[in-house]
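To start, the structure under review is shown below, and the notes come after it.
Remember, predicted model here, so these are calculated numbers, not experimental data.
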Amino acid sequence: MTWIETIIISIVEGLTEFLPVSSTGHMIITQNLLGIPQGDPFVHAFTFIIQFGAILSVVCLYWKRFFQFDNTPVPEGSSTWQKLKHWYYFYWLLIVGVLPAVVIGLLAKKSGLLDWLLDSVEVVAVMLVLGGVFMLFCDKLFNKGREDTTVNEKRAFNIGLYQCISVIPGVSRSMATIVGGMTQGLTRKRAAEFSFFLAVPTMAGATLLDLLDLLKEDTAWATPHNITMLLLGCVVAFVVALLAMKWFVSFLTKYGFKAFGIYRIIVGGIIIVLLLTGHSLAMVD
């Protein structure tokens with residue numbers, strides 16, 4: 001990968017990580033357009049690792065809420081575990097929410113399904129269209145959130161189950177978790193914010209797993225050039241995501257998912273037509 005390719009892909013990641021349009025899907029499409037060979041272990045790892053760079057923008061933007069502790073009095077007679085859960089309840093909810101993704105993600109990776117999906121632009125295109133059609137109607141179906149509804153253990157786990165769907169490129173982790181939150185009675189804004197928070201342990205785990213796999217298989221990838229590309233990608237994705245996130249929360253709260261659904265259908269539809277007519281997505285073969 002060249003410097004220009006790295007910057008372009010990282011900008012795409014930063015812009016789309018928190019939008020319900022699938023950042024992974026857009027990076028796969030962008031890689032195909034740029035003619036970057038698919039199936040390379042470093043390219044797969046790069047796709048996930050720079051997402052963690054974008055996710056760190058959540059910690060930066062919401063640091064007061066991300067580093068929050070419950071300082072209210074602990075009920076008398078509480079066990080040590082109950083006291084810890086009371087003080088660190090916010091983090092406990094994130095652990096509960098990420099558990100389903102840990103199980104499903106590991107199974108998908110070990111089976112080779114995840115790598116196959118990451119190489120399939122056809123899967124991305126189809127899921128963009130299907131997800132887009134769903135988003136045209138999801139506001140009416142699930143827009144019953146209440147301001148006083150908060151995330152508890154059961155809701156966090158159920159949102160985590162929705163997140164598992166996003167193992168399929170083109171689905172969008174953001175869309176899956178926000179819709180999951182809305183089905184649990186959260187408002188769009190609260191669902192979006194919990195989606196952001198849940199992304200931190202999810203992507204941290206995925207990044208660590210990919211780095212371990214890369215180091216385990218072959219260390220030849222760890223050239224100064226590739227390491228520089230990873231660092232550059234994380235920085236660019238972080239900065240762009242930081243700028244895009246606040247806009248997204250405001251837009252989603254006011255207008256909902258419909259505009260994103262239309263965008264997904266158009267992009268996915270164009271790709272499907274190109275593929276069916278025998279055209280390559282690569283701008284340079």
Side-chain angles (χ1 to χ4, degrees), residues 1-17 19 21-54 108-109 112-132 166-173 203 206-207 210-211 213-215 217-241 244 263-285:
M1 291 174 61
T2 66
W3 289 82
I4 296 298
E5 290 170 342
T6 298
I7 291 172
I8 291 173
I9 294 170
S10 302
I11 290 174
V12 170
E13 159 57 22
L15 286 173
T16 59
E17 178 59 46
L19 304 186
V21 297
S22 177
S23 61
T24 303
H26 275 70
M27 282 193 286
I28 292 172
I29 292 169
T30 304
Q31 289 164 7
N32 275 269
L33 288 171
L34 294 174
I36 296 173
Q38 300 299 294
D40 182 87
F42 176 73
V43 174
H44 283 175
F46 180 86
T47 301
F48 279 103
I49 291 171
I50 68 167
Q51 289 184 66
F52 183 62
K109 192 165 185 65
L113 175 63
L114 189 56
D115 288 338
W116 177 78
L117 290 171
L118 286 173
D119 289 334
S120 178
V121 72
E122 294 86 357
V123 171
V124 172
V126 171
M127 296 313 299
L128 280 174
V129 173
L130 293 179
S166 65
V167 72
I168 306 173
V171 169
S172 170
R173 192 205 63 80
M203 296 313 302
T207 298
D210 274 299
L211 281 174
D213 283 348
L214 272 177
L215 293 171
E217 292 175 7
D218 184 10
T219 57
W221 67 270
T223 63
H225 174 78
N226 282 348
I227 292 174
T228 303
M229 293 303 99
L230 281 175
L231 292 174
L232 175 64
C234 286
V235 171
V236 172
F238 172 85
V239 173
V240 176
Y263 169 80
R264 289 174 63 112
I265 292 170
I266 292 172
V267 172
I270 291 172
I271 295 171
I272 290 173
V273 170
L274 288 173
L275 294 174
L276 290 177
T277 53
H279 291 82
S280 170
L281 291 188
M283 293 185 291
V284 179
D285 289 321

Can you tell me how far [atom2] of [Y] sits from [atom1] of [X], rounded to the nearest 0.5 angstrom?
{"X": "N32", "Y": "L275", "atom1": "CG", "atom2": "CG", "answer": "8.5 Å"}
{"X": "L230", "Y": "F42", "atom1": "CG", "atom2": "CZ", "answer": "4.0 Å"}
{"X": "M27", "Y": "L34", "atom1": "CE", "atom2": "CG", "answer": "12.5 Å"}

Exercise for review: Could I get the full list of side chain to side chain contact (heavy atoms under 4.5 Å, CB included) partners for I272, not counting sequence neighbours?
Suggested key: A125, V126, V129, L276
Point to revise | For T2, all residues meeting side chain to side chain contact (heavy atoms under 4.5 Å, CB included), sequence neighbours excluded | key: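 I4, E5.
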Where do [X] and [Y] come nearest, in terms of heavy atoms and distance?
{"X": "I50", "Y": "A237", "result": "O-CB, 3.5 Å"}
{"X": "R264", "Y": "M127", "result": "NH2-O, 3.0 Å"}
{"X": "M1", "Y": "F46", "result": "CE-CE2, 3.5 Å"}
{"X": "S22", "Y": "P169", "result": "OG-C, 4.1 Å"}

Practice item. Could you check whether the rings of H26 and Y263 sit parallel, tilted or perpendicular, using 30° and 60° as the cut-offs? Key: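 Answer is parallel, since the angle falls under 30°.
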Point to revise | Side chain to side chain, I29 and V124, heavy atoms closer than 4.5 Å | key: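 In short, these two side chains touch, coming nearer than 4.5 Å.
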Practice item. Decide yes or no on side-chain contact (heavy atoms from CB on, under 4.5 Å) for L231 and V235, but give the supporting numbers first. Key: CA-CA 6 Å; L231 292 174; V235 171; 5.6 Å; no
What pairs of donor and acceptor atoms, side-chain ones from residues 8-15 against any protein atom, are under 3.5 angstrom apart with sequence neighbours left out?
residue: S10; atom: OG; partner: T6; partner atom: O; Å: 2.7
residue: S10; atom: OG; partner: G233; partner atom: O; Å: 3.4
residue: E13; atom: OE1; partner: S23; partner atom: OG; Å: 3.3

